[in-house]
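The structure appears below as structure tokens.
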Amino acid sequence: GNSVTQMEGPVTLSEEAFLTINCTYTATGYPSLFWYVQYPGEGLQLLLKATKADDKGSNKGFEATYRKETTSFHLEKGSVQVSDSAVYFCALSDSSGGSYIPTFGRGTSLIVHP
Amino acid sequence: DAMVIQNPRYQVTQFGKPVTLSCSQTLNHNVMYWYQQKSSQAPKLLFHYYDKDFNNEADTPDNFQSRRPNTSFCFLDIRSPGLGDAAMYLCATSSQASTQYFGPGTRLTVL
């Protein structure tokens with residue numbers, strides 16, 4: 001079956017530090033990959049996505065590249081801000097087996113200090 | 001703006017007193033999902049609708065039911081809430097296997 005593994009948090013950084021949150025996946029087909037962000041007390045929001053190998057998703061200074069050879073989709077940002085403090089979820093969606101139910105990772109909490 | 005709306009944002013109920021949470025969408029998506037999320041955990045899928053077809057997850061308790069009277073609306077009914085059902089309940093929509101759009105959630109408190 002499909003699965004998503006994220007690095008455990010919390011990740012604690014100072015403002016303007018470089019961020020990497022690791023995400024690896026297993027899938028039977030050719031999934032689309034997503035990063036969602038959840039701010040305190042809110043629902044999840046799509047941050048970025050990539051639908052095929054070597055695609056790079058980007059938004060708000062965040063980037064992630066779909067690496068089929070390493071089955072990874074690591075999230076990066078060059079300079080984090082306090083407002084980036086949130087929980088980040090890596091997810092995949094694989095319709096090749098007839099399912100459209102996404103698989104989520106456990107989430108990684110990011111705390112950014114001034 | 002097209003969006004997913006959940007009402008109420010906060011719901012307090014008593015142990016064993018039925019409660020209904022609502023979700024509406026203006027995206028015209030054919031798939032609607034209900035998730036339960038407890039503190040510091042990933043959302044847990046309870047069930048979803050593909051158009052009018054209802055799909056229950058195997059480990060969703062019978063205490064949880066859902067209705068989808070039309071494309072735009074979906075309801076989550078908790079027949080006899082227990083203390084363990086206190087959580088954030090998230091509604092999401094998608095157009096088949098694509099990006100999910102989440103509502104802001106309903107925080108349920110059980111006294």
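Just so it is clear, the structure is predicted and the values come from calculations on it, not from any experiment. Each chain gets a letter, A, B and so on, in the order the sequences are listed, and its residues count up from 1.
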Mind checking whether [X] and [Y] sit in one hydrophobic cluster, side chains of I, L, V, M, F, W, Y counted as touching below 4.5 Å?
X: Y88(A); Y: F73(A); answer: yes
X: L92(A); Y: F34(A); answer: no
X: L27(B); Y: M32(B); answer: no

F89(A) to A42(B) - nearest heavy-atom pair and separation: CE2-CA, 3.5 Å
Shortest non-hydrogen contact between Y36(A) and Q100(B), atoms and distance: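 Minimum heavy-atom separation between Y36(A) and Q100(B): OH-N, 2.9 Å.
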Whichever hydrophobic residues join L46(B) through chains of side-chain contacts under 4.5 Å: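 Under the 4.5 Å side-chain rule, L46(B) groups with F15(B), V19(B), L21(B), W34(B), F47(B), Y49(B), F54(B), F64(B), L76(B), I78(B), L83(B), Y89(B), L108(B), V110(B).
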Fellow cluster residues of V12(B), listed by chain then number, with links counted only when side-chain atoms sit under 4.5 Å apart: L111(B)
Contact list for residues 8-27 of chain A, test salt bridge (Lys or Arg N to Asp or Glu O under 4.0 Å), sequence neighbours left out: none
Toward chain A, the part of Y101(B) with a non-hydrogen atom under 4.5 Å: neither
Segment of Q37(B) engaging chain A (4.5 angstrom heavy-atom cut-off):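 Contact with chain A involves the side chain of Q37(B) alone.
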Interface residues of residues 38-53 of chain A facing chain B - heavy atom cut-off under 4.5 Å: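 From residues 38-53 of chain A, the residues near chain B are Q38(A), G41(A), E42(A), G43(A), L44(A), L46(A), K49(A).
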Heavy atoms from other residues, nucleotides or ligands near [atom1] of [X] exceed 12 (cutoff 6.0 Å):
X: R68(B); atom1: CZ; value: yes
X: D51(B); atom1: CG; value: yes
X: K38(B); atom1: NZ; value: yes

Max heavy-atom pair count under 4.5 Å with chain A, selected residue of C91(B), S40(B), P104(B): P104(B)
Sub-4.5 Å side-chain heavy-atom contact between Y33(B) and I101(A):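 They are in side-chain contact.
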